[in-house]
Amino acid sequence: MQQRGRRQDGLYLSVLRIVDATGQPGRKVGFDVTNTLDRFSTDPGHRLPHGELSECREAFGGACDNEAAFRLELEGVRPELFTGLLPQGAAQTSQIEFGTRLLVGEENIAFPTTGRPSADGPAVDDRDVQACRGGVEGARGPNHARAYDDNLQSHQPSPLCNVTCHCLGYTSHRRKDNAKSDTTFGGVRRESTVHLTGTSIVAGRDIPGTGEPWRGIEAATSKPLGPPLRDASPDHVAQAARLAASAAREYRTMPGHRRAAFLDACANGIEALGDSLLQLAASESGLPLDRLTGERGRTCGQLRIFADLVRSGDALGVRVDSALPERLPLARADLRLRKIPVGPVAVFGASNFPLAFSVAGGDTASALAAGCPVIAKAHPAHPGTSELVARAIVSAAEHTGMPAGVFSLLVGRGTEVGQNLVRDPRIMAVGFTGSRVGGMALIKTANTRPVPIPVHAEMSAVNPVIVLDGALSDPAALATAYVASLTNGSGQFCTNPGLLLLPTGAAGDAFRSTVAQTVADTTGRVMLTPGITEAYIEGSRRWAAVDGVSMLAQGMPGESPYAPSPVVLECDVATYMAHEDLSGEVFGAAGLLVRWSGVEELLGLLEGMDGQLTATIHGTDADLTTAMRLLPVLEELAGRILWGGWPTGVEVCHAMVHGGPWPATSSPATTSVGTLAIERWLRPVCYQSFPDALLCEELRTDNPLGVTRLIDGRLEPRS
């Protein structure tokens with residue numbers, strides 16, 4: 001294959017150019033052979049695998065029925081497919097076609113490979129539609145063609161304008177069902193159109209699922225949203241696991257700065273999706289845009305903090321015990337320790353954080369930072385958001401030269417896809433955030449494998465808030481703050497203060513009265529899914545049906561049928577301890593206020609509780625003696641203990657613990673938030689009496705990477 005042009009610095013775009021048999025420019029096919037929406041690179045050395053060239057040829061043959069006319073014209077030094085190089089400072093404007101589309105014939109008809117057909121003009125005729133279908137089937141086979149047909153049944157073809165590109169940036173017009181991004185990459189401002197396909201993405205390639213199609217829904221109305229989806233088949237799950245295992249050794253042995261660059265690129269790519277990502281997430285989850293804006297910042301921030309951790313080398317945990325050949329009665333060999341990745345990790349995101357605890361959330365960020373390939377299961381509550389974020393990760397992997405199997409996304413509505421993933425012997429660990437039922441099911445599967453694996457599951461908690469007498473000097477202010485925390489985000493936080501322990505007496509009564517009034521004036525907000533709404537209503541009714549429990553206050557329902565009323569119920573300690581049903585989580589804006597009388601009664605309740613994510617004490621200096629009695633119990637009860645404030649804010653930092661004893665989590669010694677989360681995906685290896693030449697750089701005597709090390713029991717800081 002002849003390469004044309006000379007090496008230049010600038011911006012490259014990947015498409016195909018087709019020339020006729022005489023070498024004259026003719027038809028062009030812009031086909032995204034790696035399923036990347038906007039592959040940018042300033043690295044001319046990136047190579048395109050041969051198999052993808054063959055796929056392009058087959059796509060052209062299927063679309064145009066003229067496979068013999070297929071030839072690649074490479075206009076730069078990189079053996080990749082692109083229409084041209086755009087050097088910095090170029091004055092001309094170049095019109096190009098790009099993305100997950102085929103451009104068929106002289107008319108430049110553009111269409112997504114597994115989505116809705118479209119055209120550069122105002123209409124698409126049947127001939128265009130059939131040419132588009134032929135290209136899909138030629139490139140990807142009959143399953144993708146069937147996915148294409150599904151989209152045609154539910155969506156009419158509509159126009160899509162060409163992309164205009166020049167040295168200052170490029171713009172494209174947006175269709176109704178697309179997500180548009182607007183950001184700066186490599187000094188070039190860009191705005192791009194993204195098509196949702198509803199497919200799994202395995203090692204960078206779209207893989208249509210099997211079985212009955214299903215759709216995402218709009219949380220507020222339960223109306224279908226996005227393209228049809230089909231669950232990944234067992235073969236697709238196995239393929240993703242096989243490719244992850246194939247990539248594992250290459251990925252884990254990459255220099256830390258390259259993995260860090262990948263994580264930074266993931267953050268940049270998510271930000272590049274712009275407001276369209278937030279709008280889609282808001283539609284799918286019912287969460288407000290301001291909340292999601294903050295969540296996006298948290299998501300990108302945790303990717304970057306892990307990038308910094310990888311660069312520092314601190315997570316390697318290097319320890320060196322020097323040889324003591326003269327020691328008696330036995331000499332000591334030279335011993336050196338570092339931590340290595342466990343291997344491919346399966347990640348199950350949460351419904352309540354479609355960004356920060358989902359496809360690119362803390363589990364994914366920490367596992368990729370550790371050097372583990374990740375296979376994420378798209379949450380059925382936000383499949384479109386999952387796909388957009390996954391494509392940003394895939395694009396980042398390609399931009400930074402990561403092995404293809406480093407990341408995959410699997411679509412699945414039920415439990416079968418997840419169970420098949422955890423059963424696969426190539427999966428070495430699991431990260432899960434969700435319900436206790438879901439977490440327990442995965443734990444059972446992982447433990448019954450021939451080789452069991454750890455499941456780091458964050459499941460459920462009621463997060464007790466203990467109000468001591470001194471905190472009630474201004475009961476109205478404290479009560480107002482409690483209701484705000486309880487109802488924030490419809491109460492759909494794993495750290496929601498579901499249990500409040502309030503002292504008896506006049507000050508407690510005043511607190512109670514303000515809670516009742518404030519809750520009554522509160523309107524319910526849209527919950528994440530109809531199923532979660534139903535479970536919330538049923539759980540609240542279950543609490544209210546217990547003898548000795550009464551309804552303190554109930555708010556007003558929202559306009560949506562999936563925006564139920566916030567509620568606060570109350571009982572005494574004896575009732576709470578006598579009924580196990582009251583100790584379980586009701587996920588949502590439901591609070592249980594328990595009145596206690598005397599520290600001994602309070603301690604008895606706390607000592608009988610299950611493990612929790614958080615425990616909060618509200619008090620003053622006058623309460624320190626009581627607090628000192630409570631503290632040892634709370635240390636055994638929860639992963640994070642607060643003095644004042646409310647538990648619903650979880651900072652992403654180095655000292656955070658978002659975990660706790662069983663059954664709040666299945667791994668009490670770990671956290672799912674903060675840099676310590678990387679420890680879940682690492683294991684120690686000791687090297688005894690190795691020559692320096694065989695050791696990795698961080699273990700060598702001269703420490704060329706300058707990482708922090710523990711040398712003979714003394715800390716050697718980074719240089």
So, the side chain of Q492 versus the backbone of G489: is there a donor-acceptor pair under 3.5 Å, distance only? yes
Got a sec: does the CZ of R542 have more than 12 other heavy atoms crowding it under 6.0 Å? yes
By side chain to side chain contact (heavy atoms under 4.5 Å, CB included) - contacts of H379 (at least two apart): S351, A381, H382
Once side-chain hydrogen bond (donor to acceptor under 3.5 Å, both in side chains) is applied, do any residues pair with D308, and if so which ones, sequence neighbours excluded? R311
Distance-only donor-acceptor hits, side chain of residues 406-416, under 3.5 Å, sequence neighbours excluded:
| from | atom 1 | to | atom 2 | distance (Å) |
| --- | --- | --- | --- | --- |
| S408 | OG | A203 | N | 2.9 |

Set of residues satisfying side-chain hydrogen bond (donor to acceptor under 3.5 Å, both in side chains) with respect to R258, sequence neighbours excluded: none
Summary of salt bridge (Lys or Arg N to Asp or Glu O under 4.0 Å) pairs that have at least one residue in residues 420-434, sequence neighbours excluded: D424-R426
Show every salt bridge (Lys or Arg N to Asp or Glu O under 4.0 Å) that has at least one partner inside residues 436-464, sequence neighbours left out. none
Return the set of residues passing side-chain hydrogen bond (donor to acceptor under 3.5 Å, both in side chains) with N703 (not counting sequence neighbours), or none when no residue passes. E716
With rounding to the nearest 0.5 angstrom, report the CG to SG distance, D264 to C300. 10.5 Å
What residues form a side-chain hydrogen bond (donor to acceptor under 3.5 Å, both in side chains) with D363, not counting sequence neighbours? R680
Would you list the pairs meeting ring pair (Phe, Tyr, Trp, His ring centres under 6.0 Å) in which at least one residue belongs to residues 414-450, sequence neighbours left out? none
Just grab all the ring pair (Phe, Tyr, Trp, His ring centres under 6.0 Å) pairs involving residues 660-681, residues at least two apart or on different chains. H456-W681
Parallel, tilted or perpendicular: ring planes of W646 versus Y482, cut at 30 and 60 degrees: tilted
Give a yes or no answer on whether the side chain of T708 reaches the backbone of D314 with a donor-acceptor pair at less than 3.5 Å. no
For F357, check ring pair (Phe, Tyr, Trp, His ring centres under 6.0 Å) against everything at least two apart and list the hits. F353, H658
Quick check: are there more than 12 heavy atoms from other residues, nucleotides or ligands sitting under 6.0 Å from CG of D712? yes
Taking only residues at least two apart or on different chains, which pairs with a member in residues 633-654 satisfy salt bridge (Lys or Arg N to Asp or Glu O under 4.0 Å)? none
